[in-house]
2 protein chains.
Amino acid sequence: MDILESVDAYWRAANYLSVGQIYLMGNPLLTEPLRPEHIKPRLLGHWGTTPGLNFCFAHLNRVIRERDQEMIYIAGPGHGGPAAVAHAWLEGTYSEVYPEVTQDRAGMARLFRQFSFPGGIPSHVAPETPGSIHEGGELGYALTHAYGAALDNPRLVVACIVGDGEAETGPLAASWHSNKFLDPSGDGVVLPILHLNGYKIANPTVLARIPEEELIKLMEGYGYRPRIVAGDKPEVMHRLMAETLDEVFDEIAAYKDGRQSRLPMIVLRTPKGWTGPHEVDGVQVEGTWRAHQVPLTGVRDDAGHRAMLEEWMRSYRPQELFDETGEPVHEIRQTVPEGARRMSASPHANGGELLRPLTLPDFRDHAVQLTSPASALTEPTRVLGRFLRDVVAANPRGFRLMGPDETASNRLGAVFEVTDRAWNAEILPTDEHLAPGGRVMEVLSEHLCQGWLEGYLLTGRHGLFNCYEAFIHIIDAMFNQHAKWLEASRRIPWRRPVASLNYLLSSHVWRQDHNGFSHQDPGFLDVVVNKKAEVVRVYLPPDANTLLSVADHCLRSRDYVNVVVAGKQPVHDLFTMQEAVIHCTRGLGIIEWAGNDEGQEPDVVLACAGDVPTLEILAAADLLRRHLPELRVRVVNVVDLMRLLPESEHPHGLPDAEYDALFTTDKPVIFNFHGYPWLIHRLTYRRTGHDNLHVRGYKEEGTTTTPFDMAMLNDIDRFHLVMDVIDRVPGLGAKCTHLRQRMSDARVHARAYTREHGEDAPEIRDWTWPRGEGTEVPVTGDIRPL
Amino acid sequence: MDILESVDAYWRAANYLSVGQIYLMGNPLLTEPLRPEHIKPRLLGHWGTTPGLNFCFAHLNRVIRERDQEMIYIAGPGHGGPAAVAHAWLEGTYSEVYPEVTQDRAGMARLFRQFSFPGGIPSHVAPETPGSIHEGGELGYALTHAYGAALDNPRLVVACIVGDGEAETGPLAASWHSNKFLDPSGDGVVLPILHLNGYKIANPTVLARIPEEELIKLMEGYGYRPRIVAGDKPEVMHRLMAETLDEVFDEIAAYKDGRQSRLPMIVLRTPKGWTGPHEVDGVQVEGTWRAHQVPLTGVRDDAGHRAMLEEWMRSYRPQELFDETGEPVHEIRQTVPEGARRMSASPHANGGELLRPLTLPDFRDHAVQLTSPASALTEPTRVLGRFLRDVVAANPRGFRLMGPDETASNRLGAVFEVTDRAWNAEILPTDEHLAPGGRVMEVLSEHLCQGWLEGYLLTGRHGLFNCYEAFIHIIDAMFNQHAKWLEASRRIPWRRPVASLNYLLSSHVWRQDHNGFSHQDPGFLDVVVNKKAEVVRVYLPPDANTLLSVADHCLRSRDYVNVVVAGKQPVHDLFTMQEAVIHCTRGLGIIEWAGNDEGQEPDVVLACAGDVPTLEILAAADLLRRHLPELRVRVVNVVDLMRLLPESEHPHGLPDAEYDALFTTDKPVIFNFHGYPWLIHRLTYRRTGHDNLHVRGYKEEGTTTTPFDMAMLNDIDRFHLVMDVIDRVPGLGAKCTHLRQRMSDARVHARAYTREHGEDAPEIRDWTWPRGEGTEVPVTGDIRPL
């Protein structure tokens with residue numbers, strides 16, 4: 001039999017299985033006429049895109065077999081979930097990972113019933129779907145995921161179906177340019193297949209309705225060599241697609257050999273809902289938006305529609321596709337690639353299978369030496385940069401840094417001692433640190449950074465995304481989807497753990513005094529903590545040594561999203577390396593040298609999380625010890641924010657007894673927080689002492705000003721903290737009216753100085769912890785792993 | 001004098017003023033040699049993009065004068081804030097809105113000093129900047145803002161400078177296609193000027209480093225007619241730019257006349273930091289990324305650098321530009337357009353000046369009639385659609401609906417009875433409701449919807465953005481920036497109030513059972529409430545009539561962001577129209593017919609916010625009244641979420657006494673919430689009864705299943721609520737072991753039924769409030785405006 005006839009048979013089988021999943025809960029092989037009870041009561045699924053997805057998959061399988069090509073498949077229109085499931089079942093993968101769904105009649109019945117059915121599987125491509133690294137829900141990220149997967153996989157081709165709906169999104173529109181960041185020799189190749197079926201939910205799509213000449217220019221403008229495959233006659237289309245793919249893969253080989261600098265892409269133009277009912281109740285469905293979801297509705301009750309469904313399904317000639325037992329016939333099985341060559345079984349699509357731990361140099365080698373705490377200043381991210389440099393050097397292939405052009409700005413520039421920025425466009429003599437294959441990926445698109453990294457991690461590699469804190473909100477939605485992917489995949493036994501997604505948020509709210517209000521937003525943490533406790537971690541290391549310790553931990557972790565907030569501006573060195581490790585391991589603890597409670601119950605607890613809030617708490621403690629030496633002050637620093645949650649709510653949650661021992665149950669706690677203050681309340685509202693908790697944080701006040709003025713605008717400054725203590729500690733208010741006034745005056749003075757001189761007063765800028773005191777940092781509480 | 005010489009003089013003046021703002025706090029006219037005390041202590045600002053911004057502005061002013069062209073200017077690289085300020089000062093606008101900054105030497109000194117100075121103005125283009133509707137912080141939105149401004153402004157040209165850094169972002173990449181949504185006769189025109197200065201912060205840019213042939217194809221592929229203006233010799237560039245602009249505006253006229261279907265755009269290629277120091281300390285600065293911010297550093301202390309600064313500033317020949325008093329010379333002043341033609345003074349850029357209230361038909365005309373509460377079902381958004389249809393009909397120009405292809409899916413389809421979807425690409429016979437000038441803008445890009453609407457609102461019009469709830473996170477960052485814009489502009493006296501940005505979040509978390517986990521995320525509310533109380537409002541109307549009342553209120557409001565969460569699936573009609581108005585006006589209240597406390601202190605309060613949580617609370621109240629008739633139950637519904645905040649924290653905040661009267665101070669409150677449960681704690685933690693508050697909500701459990709199974713997965717279902725009551729009301733636990741077990745069994749049964757039948761059990765699906773009870777809804781508490 002002609003190979004294209006086999007491809008057609010495979011395609012028909014996939015289409016048949018797709019329709020069956022959407023409609024049937026019985027009679028899978030149509031061995032009897034369809035009856036109402038064979039039809040699902042709720043018809044959920046998306047037919048419109050599915051035949052096109054199946055068409056591509058069928059044809060790519062031929063290429064894989066003929067060229068022994070390593071390939072994975074990313075379905076941008078992943079709401080066509082039945083397609084991906086059909087292929088995994090036809091390729092045998094589905095029965096391997098879900099043994100109860102056998103490759104026979106009973107298994108087919110189960111396959112159909114479970115789709116979009118309570119207790120079954122999701123309607124979209126999801127972590128549950130073998131062969132996928134790409135959730136089919138929110139649109140926009142198919143192509144950036146594809147490029148992330150291709151990085152450092154020189155033999156891999158990532159076939160990426162881009163729906164013409166998705167193509168209207170911003171992230172997808174930007175993703176086309178990812179080809180400028182690909183290294184022809186060190187990276188794999190992405191083959192975009194822009195699938196123009198003409199419509200989204202209820203509308204035509206832009207790219208389907210511009211002149212073809214414009215579309216070709218657009219793709220050429222993006223740096224591709226486009227080829228058009230258009231039509232609706234299957235036999236013509238099979239030949240055209242096969243010829244085109246042969247040419248395309250020859251071109252890919254030429255690109256890999258350096259004989260061609262541009263990569264090919266395909267524009268596939270087929271009717272929406274191709275091969276489905278052309279007209280229903282007198283209205284055209286195939287080739288219109290009406291085919292988007294379920295083209296025939298009410299099939300259970302409407303005998304006419306039911307007959308149409310049966311006719312439609314029989315049009316694929318199932319008796320030629322499956323034998324009496326329900327198994328795909330030999331002709332179909334022989335079109336399927338073998339073992340790990342099957343796109344549904346590629347280890348790249350279950351990245352944990354390929355994951356190797358990073359080779360991690362000892363972060364302690366980069367420790368900042370302390371003579372006394374809070375007496376000298378260091379830029380934490382600059383120190384981290386040196387550690388990351390060594391990580392890059394020790395892991396020449398499986399580790400990348402992503403960032404929107406801010407690696408140097410965030411002071412991680414040391415990495416450029418050992419690597420470059422990935423760049424495969426023109427390079428001028430004045431440029432620095434640009435090269436194909438560089439380990440640093442910089443593009444002014446947080447979406448691309450996030451998407452590349454997700455694709456890279458889900459295919460079994462490691463990385464870190466450094467970003468200005470305010471602008472990480474740009475990828476809130478992508479974070480949500482990745483966290484959901486991790487939440488779901490943790491419950492799927494065959495999905496192996498992948499490296500965590502690590503964020504380093506620098507250039508944070510408190511030191512965006514120079515860029516102004518638009519750059520001041522610490523709210524990403526609020527988005528993060530809404531996701532399931534098992535997958536989210538938030539760290540606020542207050543100095544360079546704690547940042548090193550936290551970074552090392554994050555790079556070793558799996559299946560989490562780690563958010564690390566750390567400044568690039570100089571901050572006081574607080575902890576020796578040994579102390580830092582202990583402090584980070586505990587996640588929070590008392591800074592004994594800063595307080596004077598000396599193991600006794602304090603009168604007030606000054607708590608802090610974040611570098612600038614910690615500085616102000618220390619300066620406030622200093623003021624209190626000078627002016628109110630009889631007041632017993634305890635200073636508590638929190639590195640691991642999740643420790644504030646109850647033990648029942650998060651794996652890191654601190655037992656109530658330990659929380660009470662640190663924060664007391666009845667003493668005022670003034671908590672100076674990096675982010676919006678309500679987050680601390682949200683984490684601690686179940687704690688006994690919560691009513692005594694008074695949180696300061698960012699309350700959405702800011703502009704272009706000085707760092708200390710930013711603190712004052714939001715009342716997190718040392719002077720206001722002392723006022724808070726006076727106001728909150730019972731009996732102090734009346735006794736300390738003079739001190740309170742002095743603090744208030746100090747604020748007025750600080751602001752006046754700033755407005756006159758354009759910078760903070762030296763006594764504020766240059767504050768250090770009084771010398772001569774001890775440097776040890778005993779921390780209370782048991783040590784437990786982060 | 002030749003007109004181009006005047007343009008050059010104006011350009012030099014703007015450059016001089018820009019450099020002065022970045023560096024000087026004294027000696028503005030360089031009447032004496034620069035001394036250290038003339039230099040600001042902190043040098044903050046972005047020079048790199050500024051000369052290009054100034055160049056465009058100067059040339060566009062010539063066009064405005066010669067053609068009497070109505071124009072506004074959007075500076076994508078708005079971090080070049082000194083440019084916009086310089087123009088506003090040169091045009092006289094700055095002194096009009098800030099009279100203390102006079103157009104003379106003293107004013108110039110003030111202008112210089114205030115820039116990026118504590119107590120002064122932000123370093124980026126900001127609401128404080130006259131003539132701008134576009135914040136220069138987060139990048140990506142210039143072009144979509146420009147298109148939003150052009151809609152329904154047929155005589156307006158929006159000149160939009162797109163930086164080549166910004167051009168790498170997703171939202172900007174998608175924005176080019178906005179031209180397919182523009183109506184040549186009813187809308188204005190956007191003139192994109194892609195400013196390739198070659199670098200972002202530390203990297204070359206993609207579009208500057210692809211072959212020019214590719215760049216041209218890209219722009220043609222986007223549907224524009226590109227023209228290149230490239231070079232670094234001012235005299236050559238002036239001629240080239242002037243000729244190009246003459247051609248371009250002729251083409252715009254041809255487009256407006258229908259003689260040409262494609263709009264022009266300009267690629268402007270100039271060195272980064274053009275006319276600034278070419279080389280500093282032996283390293284090239286002009287034409288490289290090193291010119292991005294402050295090209296000369298340490299100028300206060302470094303006499304050599306200071307001399308270079310002086311030489312640089314004198315290179316603009318200030319003595320030719322400003323007279324002895326500091327006023328711009330006549331030659332420059334005559335290049336400036338007059339009155340409202342000045343781009344810095346355009347009323348379009350201070351949209352409140354042009355704002356006319358919507359003509360609002362009576363929403364009560366669409367009221368759903370009730371016979372008894374919770375006995376019949378209505379799709380709230382379908383009812384709203386009819387009201388919106390009438391709003392569209394009554395406001396043929398100044399009102400638009402935006403949405404990512406979901407207007408029909410969200411059941412607002414009635415609007416298509418009176419209008420179409422805006423569409424200016426190919427239209428096929430099978431299409432429906434597509435036309436240039438349609439009031440509905442649908443594109444599968446939440447970024448474009450948001451950006452268009454922002455541009456539309458900030459230029460004085462009205463609109464509503466309808467979106468799937470989960471995917472509104474895509475524009476979290478844009479929301480943040482718009483909220484910040486509103487926060488800042490409310491404090492600026494000359495900025496007039498603009499219409500609120502209204503979100504309708506439908507297809508929400510509880511009814512995304514069919515699309516699965518990726519579509520389930522109610523966390524946008526958490527992002528919203530972080531912004532300042534003055535600008536954010538959140539409404540959760542539980543039925544159609546309350547939705548109508550809320551929508552009417554939102555469409556009348558100014559300077560807010562209103563978030564309305566309302567389902568498209570049928571929900572029970574709870575309130576008559578009259579009751580709905582009272583309930584929405586109060587924002588929350590007791591549903592008396594659902595409880596049995598009859599004015600007495602209840603044993604338990606069942607509170608709810610959101611349609612599905614309210615349904616489950618009512619069903620739980622029904623169960624309790626049947627099975628525990630002696631238990632005094634009060635049902636409280638919250639429409640206006642901000643009422644839960646203390647009075648001190650939000651203008652809508654409920655006084656403590658009223659809160660206590662509703663929720664009691666010591667009785668258990670079971671709160672069934674639409675979103676993540678912690679949000680309710682974050683709003684109420686200061687309330688006396690907070691320790692007794694037990695919140696149910698979305699806890700990140702979901703998949704493709706049935707609606708009631710979604711409720712059960714997250715424990716917001718009626719049965720679990722009854723169990724919660726039993727567990728929380730003192731003494732009930734021991735008495736009700738049997739009832740508790742029955743509830744638990746009911747959950748097991750409901751899940752089993754669902755898994756067998758693929759849908760919810762009829763007794764759950766078809767639940768209604770027992771008939772025969774009264775329909776009146778007395779609500780306690782004083783009426784106060786929303």
Side-chain angles (χ1 to χ4, degrees), chain A residues 40-42 44 116-119 122-123 135 137 165 168-171 173-174 177 180 200-203 206 209 214 217-218 220-221 288 405 408-409 425-426 430 442-445 447 473-474 476-477 514 516-518 523 526 530 532 676 678 681-682 685 700 704-706 709 754-755 758-759, chain B residues 40-42 44 116-119 122-123 135 137 165 168-171 173-174 177 180 200-203 206 209 214 217-218 220-221 288 405 408-409 425-426 430 442-445 447 473-474 476-477 484 514 516 518 523 526 530 532 676 678 681-682 685 700 704-706 709 754-755 758-759:
Chain A
K40 296 183 183 181
R42 298 175 83 209
L44 305 176
S116 271
F117 206 86
S123 63
E135 165 74 43
E168 293 179 6
T169 66
H177 287 297
K180 282 83 188 176
K200 27 198 199 268
I201 303 181
N203 260 313
V206 168
R209 295 296 179 87
E214 260 181 41
K217 282 183 176 170
L218 185 63
E220 289 176 347
T288 79
D405 191 28
S409 166
E426 188 188 12
T430 42
E442 294 201 329
V443 62
L444 213 163
S445 166
H447 291 114
H473 272 300
I474 290 170
D476 276 3
H514 58 301
F517 197 36
S518 67
D526 297 88
N530 273 343
K532 271 209 173 291
Y676 291 103
W678 314 284
H681 288 293
R682 170 231 188 287
Y685 68 84
E700 200 66 13
T704 308
T705 184
T706 64
D709 197 38
T754 295
R755 294 201 173 195
E759 58 188 349
Chain B
K40 296 183 183 182
R42 298 176 83 209
L44 305 177
S116 270
F117 205 86
S123 63
E135 165 73 43
E168 293 179 6
T169 67
H177 287 298
K180 282 83 187 176
K200 25 197 199 273
I201 303 181
N203 261 313
V206 168
R209 295 296 179 89
E214 259 180 43
K217 281 184 176 170
L218 184 64
E220 289 175 346
T288 80
D405 191 28
S409 167
E426 188 188 12
T430 42
E442 294 202 328
V443 63
L444 213 163
S445 166
H447 291 113
H473 273 300
I474 290 170
D476 277 2
K484 281 177 179 280
H514 58 301
S518 67
D526 298 88
N530 273 342
K532 270 207 174 291
Y676 291 102
W678 314 284
H681 288 294
R682 170 228 188 286
Y685 69 85
E700 200 66 11
T704 307
T705 185
T706 64
D709 197 38
T754 295
R755 295 204 172 193
E759 58 187 350

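Note on naming: letters A, B, ... go to the chains in the order of the sequence lines (proteins, then strands), and numbering restarts at 1 for each one.
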*Short side-chain to backbone donor-acceptor contact, Thr706(B) and Pro118(A), under 3.5 Å*: no
- Using modelled atom types only, decide if a donor and an acceptor are shared between the side chain of Asp405(B) and the backbone of Ile201(A) within a distance under 3.5 Å. yes
Nearest heavy-atom approach of Arg209(B) to Glu426(A) is NH1-O, 3.0 Å
Q) Below 4.0 angstrom, N of the basic side chain to O of the carboxylate: do Glu700(A) and Lys484(B) qualify? A) yes
On a heavy-atom basis, the closest approach of Gly758(A) and Arg42(B) is O-CD, 3.4 Å
If you tally heavy-atom pairs under 4.5 Å between each of Ser409(B), Ala202(B), Gly523(B), Gly516(B) and chain A, the highest tally belongs to Ala202(B)
Contacts of Glu168(A) meeting side chain to side chain donor-acceptor pair (under 3.5 Å) (sequence neighbours excluded), chain-then-number -> Lys200(A)
Of the listed Asp476(B), Asp709(B), Asn203(B), the one with the largest count of heavy-atom pairs under 4.5 Å with chain A is Asn203(B)
The reported gap from OG1 in Thr704(A) to CG in Leu44(B) (rounded to nearest 0.5 angstrom) is 7.5 Å
Only residue of Trp678(A), Tyr676(A), Tyr685(A) satisfying side-chain contact (heavy atoms from CB on, under 4.5 Å) with Arg682(B) is Trp678(A)
Looking only at Pro171(A), Pro41(A), Ala425(A), Pro122(A), the option with the highest number of non-hydrogen pairs under 4.5 Å against chain B is Pro41(A)
Per-residue tally against chain B (heavy atom, under 4.5 Å) across Lys217(A), Lys532(A), Glu220(A) peaks at Lys217(A)
From the list His473(A), His514(A), Glu214(A), the residue making the most non-hydrogen contacts under 4.5 Å with chain B is Glu214(A)
Residues at least two apart in sequence or cross-chain that pass ring pair (Phe, Tyr, Trp, His ring centres under 6.0 Å) with Phe117(A), listed by chain then number, are none
Correct closest heavy-atom pair for Thr169(A) and Ser445(B) would be CA-CB, 4.1 Å
Highest number of heavy-atom pairs under 4.5 Å with chain B among Leu444(A), Thr705(A), Val443(A) belongs to Leu444(A)
To the nearest 0.5 Å, atom NE2 of His447(A) lies from atom CD1 of Ile474(B) at 7.5 Å
One should read off an interatomic distance between Asp526(A) CG and Asp526(B) CG, to the nearest 0.5 angstrom, of 7.0 Å
*Side-chain contact, heavy-atom cut-off 4.5 Å: Leu218(A) with His177(B)?*
yes
Most contact-rich option vs chain A, by heavy-atom pairs under 4.5 angstrom, among Arg755(B), Lys180(B), Glu759(B), is Arg755(B)
Nearest heavy-atom contact between Ala174(A) and Gly170(B) is CB-CA, 3.5 Å
